[in-house]
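Reviewing the structure listed below.
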Amino acid sequence: MAPARSRRPAGPDTEPDRAGGQDGSVGITTGAVARRLGVSPTTVRSWEQRYGIAPAARQGGKHRRWTRDDVAMLDEMCRLTTAGIPPAEAARAAMTTRVPTTGTEPGTGAATPHTSSTGPGPASASAAPRTRAAGAGSGLPLGAVRPECRGLARAAVRLDSPAIDALLTEVLRDHGLVTAWEEVMAPTLHAVGRKWGTTGERYVEVEHLLSWHVSTALRKVAVTPPPGTPVEGPPVLLACTPGEQHTLPLEALAAGLAERGLPTRMFGAAVPAEALDEAVRRLGPAAVALWSQSASTADAVLARQVARTGFGLRGARTAPLVLLLGPGWQTSPARAGAVRPHGLRAAIDAVAHLFTHPRRHPTA
């Protein structure tokens, strides 16, 4: 006889992951439904306290029990908040969808699992205003933002990778790269960073996950061939200054230039001065974009050195346009022989202008 396998007793948060028996009347606890939805038990309890979204009936004992119909209602709540609907509106819409079910998903004996759909439904995202103050639910200091930004923040806090990918793909498709970066991606990343700064080590995992997905979405744009013939000419060199680790803004610029068919070379984070000088001399770039997030990594001497590097034959020498990007630069762009565009679109336009109006070296 095979030895009996030990089994951990089912408790409030360890019982089988099913929403009740065949009739769905037993249900699961708040802890179990929270794990199923990818949110914390505190979030589920706060929805009940704030918005009245609770089990339709209470079973005996002190623990709440969520049936299949209740879980489906919470599933809809998650879907709507991920789409950017404020939690209060999402709760009202979700509670109207709670109707008795006649069966379970074939072969599972459980409610249909949560899918991170962002398509239209009750109180769909298209009905929301373009910008609104962030409601409760994400826990991030967003302020007045687009609905898509709120949805991305909530998906990130839930660590819901499929929802993050779907939202990023949708916003890039519907609004274009510049709007997606400036009005959705960057505000959400900044909010996560501020939350991290005020709560110690909390939300580190949220920032890492969101950054990875944003980087992945931007790189997909950067490697997608644009319609038409790519622009020929020297590349645009993109690099973070020595000691600078923040690459996402440069990745957004690389994606924006790729959309216009402009050639780029991305060197990434913390490029040593000697390596940058060597790359500039070998490539003869049309422009060099230097990102600095803080004053401690803004190297004006390096910027001037790059701006004075000339290429080509005597009498027809050219020099790269140096773009000082990021909040770290305090020096005057003119003193560094550079320009400082404000915003992603301005940076893309400044670089694109070079391919029709090449610069001359000052000593040409």
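Throughout, residue positions are numbered sequentially from 1 according to the sequence presented. For clarity, every value in this text was computed on a predicted model and none was experimentally measured.
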Is a side-chain donor or acceptor of [X] paired with a backbone partner of [Y] at a separation under 3.5 angstrom?
X    : Y    : answer
T264 : M266 : no
W181 : G176 : no
S215 : S211 : no
T169 : A166 : no

Task: Qualifying side-chain hydrogen bond (donor to acceptor under 3.5 Å, both in side chains) pairs with a residue from residues 339-349, counting only residues at least two apart or across chains - done: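 For residues 339-349: R260-D349.
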For the residue pair [X] and [Y], establish whether any side-chain heavy-atom pair is separated by less than 4.5 Å.
X    : Y    : value
L152 : L210 : yes
H213 : S161 : yes
P242 : P272 : no

TODO: Using side chain to side chain contact (heavy atoms under 4.5 Å, CB included) as the criterion, point out the one residue from K220, M185, R173 that pairs with L168.
DONE: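 When side chain to side chain contact (heavy atoms under 4.5 Å, CB included) is applied between L168 and each of K220, M185, R173, only M185 qualifies.
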Scan side-chain atoms only and decide if [X] and [Y] contain a donor-acceptor pair under the 3.5 Å cut-off.
X    : Y    : answer
Q293 : W291 : yes
T247 : E251 : yes
H175 : E148 : yes
R92  : T96  : no

Open item on the list: Give me the atom names and distance for the closest heavy-atom approach of Y51 to A91.
Closed with: CB-CB, 3.5 Å
- [ ] Search all heavy atoms of L325 against all heavy atoms of A347 and return the closest pair with its distance.
- [x]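 Looks like CD2-CB, 4.3 Å.
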